[in-house]
There are 2 protein chains.
Amino acid sequence: MEDNPSDSAAIEALTPQRRVVLEVIRSSMGHLTANEIFEEARRRLSTISYATVYNSLRHLKQAGLVGELNFGNAASRYDRDTARHDHAICTKCGTLVDLYIPATIDLMRAAAEQADFEAESIHLTLTGVCSGCRLVVSD
Amino acid sequence: MEDNPSDSAAIEALTPQRRVVLEVIRSSMGHLTANEIFEEARRRLSTISYATVYNSLRHLKQAGLVGELNFGNAASRYDRDTARHDHAICTKCGTLVDLYIPATIDLMRAAAEQADFEAESIHLTLTGVCSGCRLVVSD
DNA sequence: TTCACTGCAAAACGTTTGCAAACAG
DNA sequence: CTGTTTGCAAACGTTTTGCAGTGAA
(Lines give C-alpha, C1' and ligand atoms only; values in the text may rest on other atoms or scores of the structure.)
Protein backbone atom coordinates (compact mmCIF):
# COMPACT_ATOMS: atom_id res chain seq x y z
CA MET A 1 0.00 0.00 0.00
CA GLU A 2 2.85 2.39 0.82
CA ASP A 3 5.02 3.59 -2.03
CA ASN A 4 7.30 0.96 -3.36
CA PRO A 5 10.90 2.27 -3.29
CA SER A 6 11.61 0.53 -6.58
CA ASP A 7 9.12 2.90 -8.17
CA SER A 8 11.20 5.97 -7.35
CA ALA A 9 13.20 5.95 -10.54
CA ALA A 10 10.10 5.47 -12.65
CA ILE A 11 8.31 8.26 -10.82
CA GLU A 12 11.14 10.73 -11.26
CA ALA A 13 11.09 10.07 -14.97
CA LEU A 14 7.43 11.07 -15.19
CA THR A 15 6.30 14.33 -16.70
CA PRO A 16 4.78 16.81 -14.24
CA GLN A 17 1.31 15.98 -15.55
CA ARG A 18 1.74 12.27 -15.09
CA ARG A 19 3.22 12.75 -11.66
CA VAL A 20 0.24 14.84 -10.61
CA VAL A 21 -2.17 12.20 -11.87
CA LEU A 22 -0.29 9.52 -9.98
CA GLU A 23 -0.21 11.61 -6.82
CA VAL A 24 -3.93 12.28 -7.01
CA ILE A 25 -4.58 8.55 -7.17
CA ARG A 26 -2.10 7.77 -4.42
CA SER A 27 -3.44 10.48 -2.13
CA SER A 28 -7.05 9.40 -2.43
CA MET A 29 -8.44 6.76 -0.17
CA GLY A 30 -10.97 5.52 -2.66
CA HIS A 31 -11.09 4.49 -6.29
CA LEU A 32 -11.44 7.61 -8.37
CA THR A 33 -12.90 7.90 -11.84
CA ALA A 34 -11.01 9.67 -14.62
CA ASN A 35 -13.32 12.63 -14.18
CA GLU A 36 -12.66 12.86 -10.46
CA ILE A 37 -8.95 12.56 -11.10
CA PHE A 38 -9.16 15.33 -13.70
CA GLU A 39 -10.94 17.66 -11.30
CA GLU A 40 -8.46 17.11 -8.50
CA ALA A 41 -5.48 17.21 -10.86
CA ARG A 42 -6.66 20.54 -12.21
CA ARG A 43 -6.65 21.94 -8.69
CA ARG A 44 -2.99 21.01 -8.44
CA LEU A 45 -1.94 21.84 -12.00
CA SER A 46 -4.47 24.19 -13.49
CA THR A 47 -3.41 23.76 -17.10
CA ILE A 48 -3.79 19.99 -17.31
CA SER A 49 -6.28 18.80 -19.87
CA TYR A 50 -8.75 15.97 -19.91
CA ALA A 51 -6.92 14.23 -22.74
CA THR A 52 -3.68 14.37 -20.83
CA VAL A 53 -5.32 12.81 -17.81
CA TYR A 54 -6.47 9.93 -19.98
CA ASN A 55 -3.09 9.64 -21.68
CA SER A 56 -1.41 9.68 -18.29
CA LEU A 57 -3.73 7.04 -16.91
CA ARG A 58 -2.96 4.79 -19.85
CA HIS A 59 0.75 5.33 -19.38
CA LEU A 60 0.69 4.80 -15.61
CA LYS A 61 -1.35 1.67 -16.00
CA GLN A 62 1.05 0.31 -18.58
CA ALA A 63 3.97 1.16 -16.31
CA GLY A 64 2.32 -0.81 -13.52
CA LEU A 65 1.94 2.23 -11.27
CA VAL A 66 -1.84 2.16 -11.06
CA GLY A 67 -4.58 -0.37 -11.71
CA GLU A 68 -7.84 0.06 -13.58
CA LEU A 69 -11.16 -1.33 -12.43
CA ASN A 70 -14.32 -1.78 -14.44
CA PHE A 71 -17.73 -2.64 -13.11
CA GLY A 72 -20.80 -2.52 -15.25
CA ASN A 73 -20.94 0.21 -17.84
CA ALA A 74 -19.88 2.90 -15.42
CA ALA A 75 -16.67 4.87 -15.74
CA SER A 76 -13.42 3.08 -14.97
CA ARG A 77 -11.97 3.57 -11.53
CA TYR A 78 -8.27 3.76 -10.84
CA ASP A 79 -6.61 1.91 -8.02
CA ARG A 80 -3.44 2.91 -6.22
CA ASP A 81 -2.95 -0.69 -5.14
CA THR A 82 -1.44 -2.62 -8.03
CA ALA A 83 -0.99 -5.85 -6.10
CA ARG A 84 -3.52 -8.56 -6.84
CA HIS A 85 -6.59 -8.18 -4.70
CA ASP A 86 -10.34 -8.50 -4.93
CA HIS A 87 -13.29 -6.13 -4.69
CA ALA A 88 -16.78 -5.88 -3.33
CA ILE A 89 -19.31 -3.57 -4.92
CA CYS A 90 -22.56 -2.38 -3.39
CA THR A 91 -25.57 -2.79 -5.65
CA LYS A 92 -27.39 0.06 -3.88
CA CYS A 93 -24.84 2.86 -3.82
CA GLY A 94 -21.96 1.64 -5.94
CA THR A 95 -19.42 1.78 -3.14
CA LEU A 96 -16.30 -0.13 -3.97
CA VAL A 97 -14.35 -1.91 -1.23
CA ASP A 98 -10.96 -3.56 -1.45
CA LEU A 99 -10.90 -7.19 -0.48
CA TYR A 100 -7.94 -9.37 0.32
CA ILE A 101 -8.96 -13.00 -0.12
CA PRO A 102 -5.81 -15.09 -0.33
CA ALA A 103 -7.82 -18.17 -1.29
CA THR A 104 -8.73 -16.56 -4.61
CA ILE A 105 -5.33 -17.36 -6.02
CA ASP A 106 -5.84 -21.01 -5.14
CA LEU A 107 -8.62 -21.16 -7.71
CA MET A 108 -6.39 -19.96 -10.51
CA ARG A 109 -4.95 -23.36 -11.36
CA ALA A 110 -8.34 -25.04 -11.50
CA ALA A 111 -9.80 -22.18 -13.52
CA ALA A 112 -6.92 -22.15 -15.98
CA GLU A 113 -7.15 -25.88 -16.44
CA GLN A 114 -10.88 -25.78 -17.04
CA ALA A 115 -10.57 -22.93 -19.52
CA ASP A 116 -7.41 -24.32 -21.12
CA PHE A 117 -5.81 -20.93 -20.53
CA GLU A 118 -2.33 -19.89 -19.61
CA ALA A 119 -3.25 -18.02 -16.45
CA GLU A 120 -2.18 -14.44 -15.94
CA SER A 121 -4.35 -13.25 -13.10
CA ILE A 122 -7.60 -13.84 -11.33
CA HIS A 123 -10.10 -11.51 -9.76
CA LEU A 124 -13.01 -12.05 -7.43
CA THR A 125 -15.94 -9.65 -7.26
CA LEU A 126 -18.48 -9.80 -4.50
CA THR A 127 -21.76 -8.03 -5.12
CA GLY A 128 -24.07 -7.23 -2.25
CA VAL A 129 -25.27 -4.49 0.03
CA CYS A 130 -22.79 -2.48 2.05
CA SER A 131 -23.19 -1.78 5.75
CA GLY A 132 -24.23 1.81 5.11
CA CYS A 133 -27.03 0.84 2.77
CA ARG A 134 -28.31 -1.86 5.13
CA LEU A 135 -29.04 0.86 7.71
CA VAL A 136 -31.23 2.84 5.36
CA VAL A 137 -34.92 2.33 6.20
CA SER A 138 -36.37 2.70 2.72
CA ASP A 139 -35.32 -0.35 0.75
CA MET B 1 -28.37 -24.51 -19.97
CA GLU B 2 -31.53 -25.97 -21.54
CA ASP B 3 -34.67 -23.89 -21.35
CA ASN B 4 -36.19 -23.84 -17.94
CA PRO B 5 -39.86 -24.93 -18.19
CA SER B 6 -40.79 -22.38 -15.52
CA ASP B 7 -39.79 -19.69 -18.00
CA SER B 8 -42.46 -20.72 -20.51
CA ALA B 9 -45.14 -18.43 -19.13
CA ALA B 10 -42.78 -15.48 -19.01
CA ILE B 11 -41.60 -16.16 -22.55
CA GLU B 12 -45.12 -16.38 -23.96
CA ALA B 13 -45.89 -13.01 -22.42
CA LEU B 14 -43.03 -11.39 -24.31
CA THR B 15 -43.57 -9.12 -27.28
CA PRO B 16 -42.36 -10.50 -30.63
CA GLN B 17 -39.34 -8.22 -30.51
CA ARG B 18 -38.29 -9.32 -27.04
CA ARG B 19 -38.85 -12.95 -27.94
CA VAL B 20 -36.60 -12.59 -30.97
CA VAL B 21 -33.88 -10.98 -28.88
CA LEU B 22 -34.12 -13.77 -26.33
CA GLU B 23 -34.04 -16.41 -29.03
CA VAL B 24 -30.99 -14.86 -30.65
CA ILE B 25 -29.16 -15.03 -27.34
CA ARG B 26 -30.34 -18.56 -26.61
CA SER B 27 -29.45 -19.82 -30.07
CA SER B 28 -25.93 -18.47 -30.01
CA MET B 29 -23.14 -20.49 -28.51
CA GLY B 30 -21.12 -17.48 -27.47
CA HIS B 31 -21.68 -14.23 -25.63
CA LEU B 32 -23.02 -11.71 -28.10
CA THR B 33 -22.77 -7.96 -27.91
CA ALA B 34 -25.83 -5.76 -28.32
CA ASN B 35 -24.69 -4.93 -31.82
CA GLU B 36 -24.33 -8.59 -32.78
CA ILE B 37 -27.73 -9.30 -31.29
CA PHE B 38 -29.20 -6.41 -33.27
CA GLU B 39 -27.75 -7.70 -36.53
CA GLU B 40 -29.01 -11.22 -36.02
CA ALA B 41 -32.38 -10.04 -34.69
CA ARG B 42 -32.84 -7.89 -37.76
CA ARG B 43 -32.36 -10.96 -39.94
CA ARG B 44 -35.24 -12.59 -38.13
CA LEU B 45 -37.45 -9.53 -37.71
CA SER B 46 -36.42 -6.94 -40.21
CA THR B 47 -38.24 -4.01 -38.61
CA ILE B 48 -36.64 -4.25 -35.19
CA SER B 49 -34.71 -1.17 -34.11
CA TYR B 50 -31.53 -0.70 -32.16
CA ALA B 51 -33.36 1.03 -29.34
CA THR B 52 -35.78 -1.84 -29.04
CA VAL B 53 -32.94 -4.31 -28.81
CA TYR B 54 -31.51 -2.32 -25.94
CA ASN B 55 -34.89 -1.95 -24.29
CA SER B 56 -35.48 -5.66 -24.70
CA LEU B 57 -32.11 -6.53 -23.24
CA ARG B 58 -32.82 -4.41 -20.19
CA HIS B 59 -36.21 -6.04 -19.79
CA LEU B 60 -34.92 -9.59 -20.26
CA LYS B 61 -32.10 -9.00 -17.83
CA GLN B 62 -34.50 -7.62 -15.25
CA ALA B 63 -36.79 -10.61 -15.80
CA GLY B 64 -33.85 -12.92 -15.14
CA LEU B 65 -33.96 -14.42 -18.62
CA VAL B 66 -30.48 -13.32 -19.68
CA GLY B 67 -27.32 -12.18 -17.94
CA GLU B 68 -25.06 -9.25 -18.78
CA LEU B 69 -21.28 -9.38 -18.71
CA ASN B 70 -18.83 -6.50 -18.68
CA PHE B 71 -15.13 -6.68 -19.17
CA GLY B 72 -13.00 -3.64 -19.64
CA ASN B 73 -14.56 -0.79 -21.54
CA ALA B 74 -15.76 -3.00 -24.34
CA ALA B 75 -19.41 -3.50 -25.19
CA SER B 76 -21.49 -5.59 -22.81
CA ARG B 77 -22.00 -9.21 -23.71
CA TYR B 78 -25.20 -11.08 -23.02
CA ASP B 79 -25.27 -14.55 -21.55
CA ARG B 80 -27.96 -17.15 -22.03
CA ASP B 81 -26.87 -18.86 -18.83
CA THR B 82 -28.35 -16.99 -15.89
CA ALA B 83 -27.11 -19.43 -13.27
CA ARG B 84 -24.10 -18.29 -11.28
CA HIS B 85 -20.88 -19.16 -13.04
CA ASP B 86 -17.48 -17.71 -13.73
CA HIS B 87 -15.58 -16.56 -16.82
CA ALA B 88 -12.16 -16.58 -18.38
CA ILE B 89 -11.13 -13.88 -20.81
CA CYS B 90 -8.21 -14.00 -23.20
CA THR B 91 -5.98 -10.94 -23.09
CA LYS B 92 -4.84 -11.50 -26.68
CA CYS B 93 -8.07 -12.02 -28.59
CA GLY B 94 -10.83 -11.22 -26.11
CA THR B 95 -12.38 -14.68 -26.26
CA LEU B 96 -14.76 -15.28 -23.39
CA VAL B 97 -15.13 -18.75 -21.91
CA ASP B 98 -17.67 -19.97 -19.38
CA LEU B 99 -16.19 -21.45 -16.25
CA TYR B 100 -17.87 -23.54 -13.62
CA ILE B 101 -15.82 -23.35 -10.44
CA PRO B 102 -17.98 -24.55 -7.56
CA ALA B 103 -15.38 -23.44 -5.03
CA THR B 104 -16.04 -19.80 -5.91
CA ILE B 105 -19.20 -19.79 -3.86
CA ASP B 106 -17.24 -21.00 -0.85
CA LEU B 107 -15.41 -17.68 -0.83
CA MET B 108 -18.60 -15.68 -0.60
CA ARG B 109 -18.96 -15.90 3.17
CA ALA B 110 -15.36 -14.85 3.82
CA ALA B 111 -15.61 -12.05 1.28
CA ALA B 112 -18.90 -10.77 2.67
CA GLU B 113 -17.53 -10.82 6.18
CA GLN B 114 -14.38 -8.95 5.21
CA ALA B 115 -16.32 -6.32 3.28
CA ASP B 116 -19.13 -6.15 5.86
CA PHE B 117 -21.55 -6.73 3.01
CA GLU B 118 -24.78 -8.63 2.79
CA ALA B 119 -23.73 -10.97 -0.02
CA GLU B 120 -25.80 -11.25 -3.16
CA SER B 121 -23.46 -12.95 -5.59
CA ILE B 122 -19.85 -13.55 -6.39
CA HIS B 123 -17.99 -13.78 -9.64
CA LEU B 124 -14.55 -15.01 -10.55
CA THR B 125 -12.70 -13.78 -13.63
CA LEU B 126 -9.61 -15.50 -14.91
CA THR B 127 -7.45 -13.52 -17.30
CA GLY B 128 -4.87 -15.26 -19.42
CA VAL B 129 -4.09 -16.56 -22.87
CA CYS B 130 -6.45 -18.97 -24.56
CA SER B 131 -5.31 -22.15 -26.27
CA GLY B 132 -5.79 -20.66 -29.73
CA CYS B 133 -3.58 -17.67 -29.01
CA ARG B 134 -0.86 -19.81 -27.46
CA LEU B 135 -0.43 -21.53 -30.82
CA VAL B 136 0.23 -18.32 -32.67
CA VAL B 137 3.93 -17.94 -33.46
CA SER B 138 4.20 -14.18 -33.29
CA ASP B 139 3.80 -13.24 -29.67
C1' DT C 1 -59.35 4.78 -23.42
C1' DT C 2 -55.48 3.33 -21.26
C1' DC C 3 -51.06 1.80 -20.86
C1' DA C 4 -47.04 -0.44 -22.34
C1' DC C 5 -44.15 -0.90 -26.27
C1' DT C 6 -42.01 0.34 -30.71
C1' DG C 7 -39.03 2.89 -33.96
C1' DC C 8 -36.59 6.85 -35.06
C1' DA C 9 -33.44 10.41 -34.21
C1' DA C 10 -30.88 12.79 -31.12
C1' DA C 11 -28.45 13.04 -26.99
C1' DA C 12 -25.54 11.42 -23.38
C1' DC C 13 -21.59 9.25 -21.62
C1' DG C 14 -16.88 7.69 -21.22
C1' DT C 15 -12.94 7.42 -23.90
C1' DT C 16 -9.74 8.03 -27.83
C1' DT C 17 -7.63 10.43 -31.62
C1' DG C 18 -5.71 14.02 -35.06
C1' DC C 19 -3.03 17.66 -35.01
C1' DA C 20 -0.20 21.71 -34.21
C1' DA C 21 2.59 23.60 -30.72
C1' DA C 22 5.80 22.94 -26.77
C1' DC C 23 9.30 20.44 -24.83
C1' DA C 24 13.37 17.29 -23.58
C1' DG C 25 17.42 14.86 -24.88
C1' DC D 1 17.21 17.83 -34.79
C1' DT D 2 14.36 13.97 -33.22
C1' DG D 3 11.06 11.90 -30.68
C1' DT D 4 7.74 12.45 -27.00
C1' DT D 5 4.15 14.86 -24.70
C1' DT D 6 0.79 18.36 -24.25
C1' DG D 7 -3.78 20.76 -24.91
C1' DC D 8 -7.59 21.48 -27.69
C1' DA D 9 -11.38 20.03 -30.27
C1' DA D 10 -13.52 16.77 -32.69
C1' DA D 11 -14.63 11.97 -33.24
C1' DC D 12 -15.74 7.52 -31.61
C1' DG D 13 -18.42 3.42 -29.79
C1' DT D 14 -21.86 2.20 -26.61
C1' DT D 15 -26.01 3.07 -24.36
C1' DT D 16 -30.03 5.89 -23.10
C1' DT D 17 -33.73 9.05 -23.90
C1' DG D 18 -37.65 12.07 -25.84
C1' DC D 19 -41.36 11.60 -28.36
C1' DA D 20 -44.90 10.57 -31.67
C1' DG D 21 -47.18 6.66 -33.33
C1' DT D 22 -48.88 1.70 -32.73
C1' DG D 23 -51.18 -1.98 -30.72
C1' DA D 24 -53.17 -4.83 -27.23
C1' DA D 25 -56.55 -5.12 -23.24
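A, B, ... follow the sequence lines: proteins, then strands. Residue 1 opens every chain.
Nearest nucleotide to the A:Tyr54 side chain, out of D:dT6, C:dT6, C:dG14: C:dG14. Distances were taken from every side-chain heavy atom of A:Gln17 (C-beta onward) to each of D:dT6, C:dT15, C:dG7; the shortest belongs to D:dT6. For A:Ser49, the listed nucleotide lying nearest its side chain is D:dC8; candidates were C:dG7, C:dT15, D:dC8.
Comparing A:Arg77 and B:Thr47 by the nucleotide of DNA chain C whose heavy atom lies nearest to each, the residue mapping closer to the 5' end is B:Thr47. Sequence order on DNA chain C of the closest nucleotides to B:Ala51 and B:Arg18 puts B:Arg18 first from the 5' end. Judged by closest nucleotide on DNA chain D, B:Ala74 is the one of B:Arg58 and B:Ala74 placed further toward the 5' end.
At C:dT15, one or more side-chain N or O atoms of B:Asn73 fall inside 4.0 Å of OP1 or OP2 (strictly under the cut-off). Applying the 4.0 Å criterion to OP1 and OP2 of D:dT6, one finds that A:Thr15 has a side-chain N or O inside that range.
Atom CZ of B:Arg84 sits in a crowded spot, with more than 12 heavy atoms from other residues, nucleotides or ligands closer than 6.0 Å.
Distance CG (A:Leu60) to P (D:dT5): 11 Å, rounded to an integer number of Å. Put simply, CD on B:Gln62 is 12 Å from P on D:dT16, counting in whole angstrom units. What separates OH of B:Tyr50 from C1' of D:dT16 is a distance of 12 Å, to the nearest Å. Going from atom CD of B:Glu36 over to atom C1' of D:dT15 covers 16 Å, rounded to whole Å. Note: CD1 (A:Ile48) to P (D:dT6) measures 8 Å, nearest angstrom. The CG-P distance, from B:Asn55 to D:dT22, rounds to 18 Å in whole Å. Atom pair B:Glu68:CD and D:dT16:C1' shows a separation of 13 Å (rounding to whole Å applied).
Less than 6.0 angstrom separates the ring centroid of A:His87 from the ring centroid of A:His31.
For the pair A:Arg18/A:His59, a side-chain contact is recorded, criterion being any heavy-atom separation below 4.5 Å from C-beta on. With a 4.5 Å cut-off on side-chain heavy atoms, A:Ser131 and B:Phe117 do not count as touching.
Annotation: salt bridge (charged side-chain N to carboxylate O under 4.0 Å, His left out) contacts of A:Arg43 (sequence neighbours excluded): A:Glu40.
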